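Please read all numbers here as calculations on a predicted model, not as lab measurements. Residue numbers begin at 1 in each chain, while the letters A, B, ... track the order of the sequences.
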Protein chains: 2
Amino acid sequence: MSNFGFQHLRVVNPYDVAFEGARSAVGAAQVLVNAERYETLAEAVADCSLVVGTTAIGHRDLQHSLQRLEAGAPIIRAHVASGPCALLFGSEKFGLSNRDMSHCHWLMHIATREKHRTMNLGQAVAVCLYELMRDPCALAKPEKGTRAASAEVERITGTLLAALKASDYPKLNTSDSFEGAVRRLVRRLRLQTGDAEFLLGMLRQMVWKMKHGRDAEG
Amino acid sequence: MSNFGFQHLRVVNPYDVAFEGARSAVGAAQVLVNAERYETLAEAVADCSLVVGTTAIGHRDLQHSLQRLEAGAPIIRAHVASGPCALLFGSEKFGLSNRDMSHCHWLMHIATREKHRTMNLGQAVAVCLYELMRDPCALAKPEKGTRAASAEVERITGTLLAALKASDYPKLNTSDSFEGAVRRLVRRLRLQTGDAEFLLGMLRQMVWKMKHGRDAEG
């Protein structure tokens, strides 16, 4: 809840020992410290003008209309502008009772695999709140850095060919189109400016070593 | 993982006692039973052609490009058609190390509140896998049942007016526009067929009781 900016946790008839223990623990999240306790669900949602229940469905006939999370979230977001909305979760073990559901305007579910429908409560809450705060317009960021210009890329092609020649790479002399294949390979690497310089330095050092290394040693 | 249909869990260098205990527990999830152990991250991702790391960011300068989950998920979905992809999560406490991240092609984060960035590991995994399986085209379902026809709605208006008259409701005689206000009120209820009949029956019973009840008692 705190991750996604939801502040108001209301707990209906919690198991005293566990609830008071958790809320008074050192480092308890502020959401939990501020949680309000209610004896009944009716009191907990009294000031809410929209009450949406969550369910894993499957085991009972629902009297309510049921929305998939992706479709329900925009309805909730639209409502919040006009009045408070409660998102209702049942117990980990049993979910919401039919009586609980009768306090809801409609129900919502997370689309899960048919063979594994029920979710861990904490994960279900996280997924629902994520969807409510999700930004459908978030765009992929361009990759870091700038793509190397053609001249830089061509310097690498040339230095790589020189390195291959210095290493007596056999295919250099057997194929006319080899230079073209190397040029295309280097372009497929989609090098960025810094990386192009980095690679060029490595290749130049290898060329130097292959041409002069043996002389220096000898 | 199992909820969203992800089958392949790979664990790098886990704490033996906890991992083997969890996997051999009665009722352990199939995903955990089938989990593969690796000594190093390099071995764990060896067959993957895309490795995406997850991070809560904030505490260090990232060398990688960083995508928000909403924007990164489509890139992953597109990649999966051409080859296996690993989604990498660090430990609950420390996240991924810089060394771990150097095995990644890029990084992804869940947009959380600035003041509470780090998420529970299980919740972060659930949110990421939900986003990967999310259906952006899921549409809100129409409400259950069919909306009551005007004739039905008008029968309710008439019976409600009759009930008000029978109850000596004071405003009935003071305002010419009262009937119109009641008609509009009933239409704002957006009654469905079954509910319209249900309400009509209640109102008719009340009208009957108000007209004949006292006579019957007396």
Side-chain angles (χ1 to χ4, degrees), chain A residues 1-7 29-31 56 61-76 78 105-131 133-145 192 194, chain B residues 1-7 29-31 56 61-76 78 105-131 133-145 192 194:
Chain A
M1 284 183 64
S2 178
N3 283 132
F4 296 114
F6 292 79
Q7 317 261 347
Q30 203 54 39
V31 169
D61 291 331
L62 296 171
Q63 306 292 321
H64 284 77
S65 74
L66 177 72
Q67 302 290 355
R68 194 175 152 134
L69 173 58
E70 294 93 322
I75 306 174
I76 294 173
H105 291 91
W106 44 273
L107 302 176
M108 195 162 73
H109 75 112
I110 297 168
T112 46
R113 198 162 58 95
E114 184 110 2
K115 289 192 176 170
H116 194 163
R117 272 182 174 147
T118 55
M119 277 185 76
N120 166 284
L121 177 58
Q123 291 181 324
V125 172
V127 166
C128 287
L129 301 189
Y130 164 76
E131 177 67 51
M133 296 308 289
R134 191 178 177 279
D135 179 4
C137 302
L139 292 174
K141 275 184 210 152
E143 55 189 19
K144 267 195 167 178
Q192 296 186 355
Chain B
M1 284 183 64
S2 178
N3 284 132
F4 296 115
F6 293 79
Q7 317 261 348
Q30 202 55 38
V31 169
D61 290 331
L62 296 171
Q63 305 293 321
H64 284 77
S65 75
L66 176 72
Q67 302 291 356
R68 195 175 150 133
L69 174 59
E70 294 94 322
I75 305 174
I76 294 173
H105 292 90
W106 44 273
L107 302 176
M108 195 162 73
H109 75 113
I110 298 169
T112 46
R113 198 161 59 95
E114 185 108 4
K115 289 193 176 168
H116 194 164
R117 273 184 173 145
T118 55
M119 277 185 76
N120 167 284
L121 177 57
Q123 291 180 324
V125 172
V127 166
C128 287
L129 302 188
Y130 164 75
E131 176 68 50
M133 297 308 290
R134 193 179 176 278
D135 179 4
C137 302
L139 293 174
K141 276 184 211 152
E143 56 189 18
K144 267 195 168 177
Q192 297 185 354

Greatest number of heavy atom pairs closer than 4.5 Å to chain B - which of A:Asn120, A:Leu69, A:Ile110, A:Asp135: A:Asp135
Minimum heavy-atom distance between A:Asn3 and B:Met119, given as atom pair plus value: OD1-CG, 3.1 Å
Among the listed options B:Glu114, B:Glu131, B:His64, the residue most often paired with chain A at heavy-atom distances under 4.5 Å: B:Glu131
A:Ala138, part contacting chain B, at a heavy-atom distance under 4.5 Å: both
For chain A, the option from B:Ala124, B:Cys137, B:Gly122 that forms the most heavy-atom pairs under 4.5 Å: B:Gly122
Shortest non-hydrogen contact between B:Ala140 and A:Ile75, atoms and distance: CB-CD1, 4.2 Å
Non-neighbouring partners of A:His105 that pass side chain to side chain donor-acceptor pair (under 3.5 Å), sequence neighbours left out: none
From B:Met1 atom CE to A:Arg113 atom CZ, the distance as rounded to the nearest 0.5 Å: 10.5 Å
Atom pair OG1/CE of B:Thr112 and A:Met133 - distance to nearest 0.5 Å: 10.5 Å
Most chain B-contacting option - heavy-atom pairs closer than 4.5 Å, from A:Ser65, A:Gly5, A:Ala111: A:Ser65
Set of residues satisfying side chain to side chain contact (heavy atoms under 4.5 Å, CB included) with respect to A:Ala29, sequence neighbours excluded: none
Euclidean distance, A:Arg68 CZ relative to B:Arg134 CZ, rounded to 0.5 Å: 9.0 Å
Region of A:Leu129 in contact with chain B, defined by heavy-atom distances below 4.5 Å: neither
B:Glu70 portion near chain A, given a 4.5 angstrom heavy-atom threshold: both
